[in-house]
**Student:** 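Take a look at the following structure, please.
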Amino acid sequence: MGTSSSARRNRFPLILLATVAMGLGVYLFTLFFAARLSEGPHTSFLKIPAVALWALLAYFTVRLVNAALFDFAFRIRRGYEAPTLVRNIFTLVIFTVLFVLIFKWFYSEINLGALFTTSAIFGVIIGLALQDTLGNFFSGISLQADRPFQIGDVIVVSQQKHTGVVEGITWRAIKIRTFQNHIVLVSNSNAAKEAIEVAPRDNLNARLIFFSTVYTDSPAKTIHVVREAVRDADNVSEKITPIVRIRNLGESSIEWEIKYWLEDYAKYNDTDALVRQRTWYALRRNGLTFAFPTRTLHLERKVTARPTTAEDEIADRLSAVDVFAPLSTDELRQLAMATVGHVFAPGETLIRAGDEGSSMFVVHNGRVQVQLTESGKSRPVAVLSEGNFFGEMALFTGEPRTASVVALEETEVLEIGHAAMKHLFETNPSLVESISWTIAERRAGLAASAEQATPNSLAESAGLLTSIKRFFGLR
Ligand code: CMP
């Protein structure tokens, strides 16, 4: 675009020179032949070069005005180039008017209007010949008036067949430069009938990129890793953070889409490729795996499923839980075997206040928040992390869950059921005592949060001890 407008500016002195030369020609011609033009038998013969000279003068004058008006005035005032179609219509109309005036001046006896209107055959021929041209012309005018896109925008015409940057709209066609650097001309009348997808140059346009990961990879981790890898890639807009989301749980993979916004949409092929490349490296670095079509055959076994952790690791974790400190290594291993692992995504609710509960949980990885819900709003009471436990209140007292527990990040918990605890209580009577202390303290915490009277922890704990023993049928 820059080259064509500077080329036009370079032509300006030439047009100016031609106009001056034609003016001079007309002047000299009239000077020499003025007397002969008004009298004598050769008058009509001389009129032909006179008309031609005037017509040329008119032509160059119109071009001069056109250049001055559109190349300079329009650009300076509007900041962008005048559409070719508008320029052409302007030139055509002014030139026709001038030519008719010149013709009438020299041949006042000939009726131009009658000449055109009486010739019906001429009209039919012109009409038929110009059918397509006129269609394009009027579609071009409506495109200019409507301005659905501008020079520099990326458009897709004819159901994805032609994609490229708009280079110009003439009276006949829209000129698109494709991403293979070819020029495609879509006639205006065709374009008027098609659905055209426009990605305006001054708009934040988005793209979607797809990839798949295996089911064993954590979604929360994948989202974090891919988003961070993509957001600082070249030409990815900083104004909106890319979105990484699951689009489908496929047969053999989790199917993902990345939505990102571009600074310059015309470079989307390169940027798509860069985003894919960044994704590959990011997955590789973080031990995440691209999926390929696989089919896994599972043989059912009657063993409690624990998909994510090994027994020793769990026994280690349980030994770090303060209330389980008195347990022997064997007891810890037995307890580890009785636990069931669960993974929760950030924001997922692990326990809902008011529900029935018959198990407690130890946080293996991650963090959870204990929340009280008051008049529809949740209020945080405590944050529990690795080695902390929760859910013991309902398990040991048989009452409904006192609070909700929500994952703050991807969290893995170990669930311990009623039967496993009963077995432990029978062999470790001191365990009941330490747990009843924790429950008493937590009740006090809840009461303080709910702005109720704080119960006496000591008395509370003693009462609890009795009711836990009764609940578990212990002596
Ligand atoms: P439960 O009542 O079974 O379910 C909600 C759990 O949140 C509860 O058991 C406790 O384990 C836990 N909880 C309640 N209050 C507190 C608190 N103040 N501090 C820590 N944990 C709590």
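Both ligands and their constituent atoms are indexed starting at 1 by order of listing.
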**Student:** For atom 20 (C) of ligand 1, what's the nearest protein heavy atom and its distance?
**Tutor:**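 Looking only at protein heavy atoms, the one closest to atom 20 (C) of ligand 1 is Arg442 NE, 3.4 Å.
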
**Student:** Got an N/O contact under 3.5 Å between Ala394 and ligand 1?
**Tutor:**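 Min N/O separation from ligand 1 is below 3.5 Å for Ala394.
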
**Student:** Look only at the side chain of Glu228 and the backbone of Val225, and say whether a donor-acceptor pair between them is shorter than 3.5 Å.
**Tutor:**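 Looks like no, no N/O pair under 3.5 Å.
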
**Student:** Suppose I only count heavy atoms of Glu392 and a 4.0 Å limit; which atoms of ligand 1 are within that range?
**Tutor:**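 With Glu392 as reference, the close atoms of ligand 1 come out as 9 (O), 10 (C), 11 (O).
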
**Student:** Go through ligand 1 atom by atom and flag the ones less than 4.0 Å from a non-hydrogen atom of Val381.
**Tutor:**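 Once the distances to Val381 are compared, the set is 17 (C), 18 (N).
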
**Student:** When you measure from atom 5 (C) of ligand 1 to every protein heavy atom, which one gives the shortest distance, and what is it?
**Tutor:**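 Looking only at protein heavy atoms, the one closest to atom 5 (C) of ligand 1 is Ala403 O, 3.3 Å.
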
**Student:** Please work out whether any backbone atom (N, CA, C, O) or any side-chain heavy atom from C-beta onward of Thr402 is under 4.0 Å from ligand 1, and answer side chain, backbone, both or neither.
**Tutor:**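 Both of them.
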
**Student:** If we only consider heavy atoms of Gly357, is any one of them less than 4.0 Å away from an atom in ligand 1?
**Tutor:**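 Flag not set, Gly357 not near ligand 1.
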
**Student:** Does the N or O separation between Gly391 and ligand 1 drop below 3.5 Å for any pair?
**Tutor:**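 The answer is yes, given that Gly391 and ligand 1 share an N or O pair closer than 3.5 Å.
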
**Student:** Which residue and non-hydrogen atom of the protein lie closest to atom 4 (O) of ligand 1, and at what distance in Å?
**Tutor:**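 The closest heavy atom on the protein side is Arg401 CD, 3.4 Å.
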
**Student:** Which residue holds the protein heavy atom closest to atom 19 (N) of ligand 1, what is that atom called, and what is the gap in Å?
**Tutor:**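 Protein heavy atom at minimum distance: Ala382 CB, 3.6 Å.
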
**Student:** Please check if the side chain of Asn269 supplies one atom and the backbone of Phe179 the other of a donor-acceptor pair under 3.5 Å.
**Tutor:**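 Here the side-chain-to-backbone pair does not exist.
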
**Student:** Which of the atoms of ligand 1 are close to Phe390, meaning less than 4.0 Å from one of its heavy atoms?
**Tutor:**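 Those qualifying, in numeric order: 11 (O).
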
**Student:** For atom 12 (C) of ligand 1, what's the nearest protein heavy atom and its distance?
**Tutor:**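 Its nearest protein heavy-atom neighbour is Val370 CG1, 4.1 Å.
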
**Student:** Side chain of Thr349, backbone of Ile351: donor and acceptor closer than 3.5 Å?
**Tutor:**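 Looks like no, no N/O pair under 3.5 Å.
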
**Student:** Side chains of Asp217 and Thr222: is there a donor and an acceptor less than 3.5 Å apart?
**Tutor:**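 No - no donor-acceptor pair under 3.5 Å links their side chains.
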
**Student:** Where is the tightest heavy-atom contact between Ala407 and Phe344, given as atom of each residue plus distance?
**Tutor:**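 It is CB-CB, 4.2 Å.
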
**Student:** Could you tell me if Arg278 sits above the aromatic ring of Phe211, with its cationic atom closer than 6.0 Å to the ring centre and no more than 45 degrees from the axis?
**Tutor:**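 Ring-cation test returns no.
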
**Student:** Can a donor-acceptor pair be found, under 3.5 Å and without considering hydrogens, that links the side chain of Asp264 to the backbone of Ala266?
**Tutor:**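 Yes.
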
**Student:** With distance as the sole criterion, is a donor-acceptor pair present between the side chains of Thr213 and Trp256 under 3.5 Å?
**Tutor:**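 Present: a donor and an acceptor within the cut-off.
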
